[in-house]
There are 2 protein chains.
Amino acid sequence: MTKETSSKTRKPKRGQTREALMAAALDLVVKKAPFSSLSLREVTKRAGVVPTAFYRHFPDMSALGLTLLDESFRTLRQMMRQVRQDQVPGENMLRGSVETYFNYVRENRAHFLFVAKELFGGTPTMRNAIRREIRMFTNELAMDMARFPFLNHFSSEDLQMMAALVVNNVTALTQEMLELEENDEFGQQQVLVAAEKQLRLVFLGVTQWKSSPVTT
Amino acid sequence: MTKETSSKTRKPKRGQTREALMAAALDLVVKKAPFSSLSLREVTKRAGVVPTAFYRHFPDMSALGLTLLDESFRTLRQMMRQVRQDQVPGENMLRGSVETYFNYVRENRAHFLFVAKELFGGTPTMRNAIRREIRMFTNELAMDMARFPFLNHFSSEDLQMMAALVVNNVTALTQEMLELEENDEFGQQQVLVAAEKQLRLVFLGVTQWKSSPVTT
DNA sequence: TTTTTTAGTGAACAGGTGTTGACAAAAAAT
DNA sequence: ATTTTTTGTCAACACCTGTTCACTAAAAAA
């Protein structure tokens with residue numbers, strides 16, 4: 001054979017470059033800057049490839065961003081589904097859900113940080129994608145609530161409002177948790193306890209709620 | 001008359017350049033990108049001065065950012081103070097406060113957008129400054145609440161938790177409002193109504209709340 | 001008035017940016 | 001074994017970035 005398999009290994013990389021790019025971007029978001037201010041060259045450098053290799057996998061940075069967003073939400077949705085079906089509507093249902101959720105946040109810190117930063121800092125396209133996803137969660141929660149006997153007499157608007165209230169708070173608490181150092185177990189525990197209390201208070205409010213007739 | 005205000009004006013600018021720079025940056029944040037991805041040259045261009053003029057007023061971009069942040073919170077604090085002293089603790093106190101607050105948000109859209117984007121997208125310095133400010137609001141609210149007869153039997157921790165709940169939601173609703181078009185009066189009205197309902201529900205919860213003995 | 005301080009300009013730098021095009025090795029298809 | 005497709009490299013481009021320096025008009029101080 002005329003040519004030997006060159007030993008200097010100029011291009012032995014496999015199809016894993018795409019994932020390397022995504023991992024590099026996520027990494028930079030976590031420890032450096034919001035996604036919108038990452039440069040293509042920066043990402044490729046960290047991924048260990050030459051800048052032009054980027055175009056073999058994504059047309060531009062914003063495409064990478066959307067892919068990352070998709071990845072983040074796919075795993076999140078799958079967790080939510082599991083939380084919901086593991087649920088035995090018992091006494092400490094709330095505590096269990098809260099714990100499961102926040103454990104998941106801790107285990108997927110990078111993805112949550114990415115989403116949190118893009119929620120306001122990102123491009124309109126990205127912001128809309130995220131908001132749509134959150135709205136979906138709110139709707140699902142409202143439907144779940146409607147299945148409980150002591151809740152199903154509420155109008156769907158009221159249920160929607162209550163679900164939004166819960167989601168708003170969980171979102172805020174998630175952001176609070178993300179601001180803590182990764183190893184600050186005490187702080188994280190505190191957030192968890194606060195979350196449980198706040199949600200319990202909300203549900204107390206729900207039990208007292210009386211839908212008011214149409215107001216302007 | 002020595003000289004009339006020359007019309008060719010090579011350098012007749014007054015001390016208003018500093019403000020022009022701040023206004024330019026704020027403007028760019030509103031209609032283009034998060035502050036962290038603005039360039040110094042971009043800002044000076046919009047302000048109508050040459051890049052190097054920037055250094056006559058700020059050492060770098062991050063200093064401009066902090067000044068902008070300061071400005072945002074100064075006016076916000078002043079409004080909060082006014083809301084609190086205008087308050088006659090009556091029936092529709094809640095509604096009044098909510099309306100005043102959201103009107104203020106509408107009138108200071110740019111500043112709120114700036115803060116919202118920096119809350120997660122900004123540098124650590126900026127994020128900390130914002131969080132400190134929010135924590136301060138929460139504390140003040142907790143103290144205000146402590147003055148009400150039907151609330152002053154709660155532990156300060158419980159009050160803090162309740163105040164945090166309120167602040168979390170108002171923050172989330174503010175962000176929701178900021179996502180709407182500036183002229184979407186209907187949408188804004190909807191957010192306002194939702195805000196009022198959610199807060200009313202929270203206060204219902206508060207009236208039912210019983211501080212649980214120390215749990216782990 | 002004269003002097004000093006403030007606040008603008010313009011040219012130039014070293015370096016980072018996205019994107020192109022031509023090329024070649026490896027992997028897959030034939 | 002041969003061809004084709006995929007996936008990497010390298011060189012080059014035109015542009016934008018932050019920052020420096022020397023220069024000067026205007027405003028303030030003397």
Side-chain angles (χ1 to χ4, degrees), chain A residues 1-25 27-29 31-68 121-123 125-126, chain B residues 1-25 28-29 32-68 121-123 125-126:
Chain A
M1 13 298 318
T2 54
K3 295 152 192 166
E4 47 200 288
T5 53
S6 69
S7 55
K8 17 190 82 160
T9 67
R10 284 215 296 182
K11 316 167 214 166
K13 312 233 161 140
R14 275 303 310 285
Q16 78 240 31
T17 297
R18 184 186 157 99
E19 287 163 32
L21 288 170
M22 292 176 64
D27 199 45
L28 285 168
V29 166
K31 63 183 59 155
K32 219 214 86 184
F35 181 81
S36 52
S37 62
L38 295 186
S39 76
L40 182 152
R41 291 178 110 103
E42 214 175 358
V43 172
T44 54
K45 185 181 291 180
R46 168 149 314 212
V49 292
V50 95
T52 51
F54 184 93
Y55 296 101
R56 298 293 178 197
H57 303 277
F58 304 97
D60 53 27
M61 280 292 287
S62 90
L64 204 187
L66 287 176
T67 308
L68 230 30
T123 63
T125 306
M126 226 169 226
Chain B
M1 49 293 305
T2 54
K3 289 151 189 170
E4 48 199 289
T5 51
S6 67
S7 54
K8 20 193 79 161
T9 69
R10 281 215 297 181
K11 315 169 210 161
K13 311 238 163 133
R14 274 304 312 283
Q16 78 240 30
T17 297
R18 185 188 157 96
E19 287 163 32
L21 288 170
M22 291 175 64
L28 285 168
V29 166
K32 219 216 87 185
F35 181 81
S36 53
S37 64
L38 295 187
S39 76
L40 182 152
R41 290 180 110 103
E42 214 174 359
V43 172
T44 55
K45 185 181 293 180
R46 168 148 314 212
V49 292
V50 95
T52 52
F54 184 93
Y55 297 100
R56 299 294 178 195
H57 303 277
F58 304 96
D60 54 26
M61 281 292 288
S62 90
L64 205 186
L66 287 177
T67 307
L68 230 31
T123 63
T125 305
M126 226 169 225

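None of these values were measured; they are calculated from a predicted model. Just so it is clear: chains get the letters A, B, ... in the order the sequence lines come, proteins before strands, and each one is counted from 1.
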Item to check | Partner set under side chain to side chain contact (heavy atoms under 4.5 Å, CB included) for B/T52, not counting sequence neighbours | outcome: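 Listed in chain order: B/V50.
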Protein-nucleic acid N or O pairs under 3.5 Å, nucleotides 17-21 of chain C:
unit_1: C/dT17; atom_1: OP1; unit_2: A/S39; atom_2: OG; d: 2.7
unit_1: C/dG18; atom_1: OP1; unit_2: A/L40; atom_2: N; d: 2.7
unit_1: C/dG18; atom_1: OP2; unit_2: A/L40; atom_2: N; d: 3.3
unit_1: C/dG18; atom_1: OP2; unit_2: A/R41; atom_2: N; d: 3.1
unit_1: C/dG18; atom_1: N7; unit_2: A/R41; atom_2: NH1; d: 2.4
unit_1: C/dG18; atom_1: O6; unit_2: A/R41; atom_2: NH1; d: 3.0
unit_1: C/dT19; atom_1: OP2; unit_2: A/Y55; atom_2: OH; d: 2.9
unit_1: C/dT19; atom_1: O5'; unit_2: A/Y55; atom_2: OH; d: 3.3

Next on the checklist: So, OP1 or OP2 of C/dG8: does either fall under 4.0 Å of a side-chain N or O from B/H57?
Outcome noted: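 Answer yes for this pair, as a side-chain N or O of B/H57 is under 4.0 Å from OP1 or OP2.
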Separation of [N] [atom2] from [X] [atom1] (nearest whole Å):
| X | N | atom1 | atom2 | value |
| --- | --- | --- | --- | --- |
| B/F54 | D/dT20 | CZ | C1' | 16 Å |
| A/R56 | C/dA22 | CZ | C1' | 11 Å |
| B/L21 | D/dG18 | CG | C1' | 15 Å |
| A/R18 | D/dT6 | CZ | P | 15 Å |

[X] to [Y] - nearest heavy-atom pair and separation:
| X | Y | result |
| --- | --- | --- |
| A/T44 | A/P51 | OG1-CA, 3.5 Å |
| A/A25 | A/L64 | CB-CD1, 4.1 Å |
| A/V43 | A/A24 | O-CB, 3.7 Å |
| B/L40 | B/F54 | CD1-CD2, 3.7 Å |

Listing, residues 32-39 of chain B side-chain donor-acceptor contacts under 3.5 Å, not counting sequence neighbours, or none:
unit_1: B/K32; atom_1: NZ; unit_2: B/E42; atom_2: OE2; d: 2.7
unit_1: B/S37; atom_1: OG; unit_2: B/P34; atom_2: O; d: 3.1
unit_1: B/S39; atom_1: OG; unit_2: B/E42; atom_2: N; d: 3.0

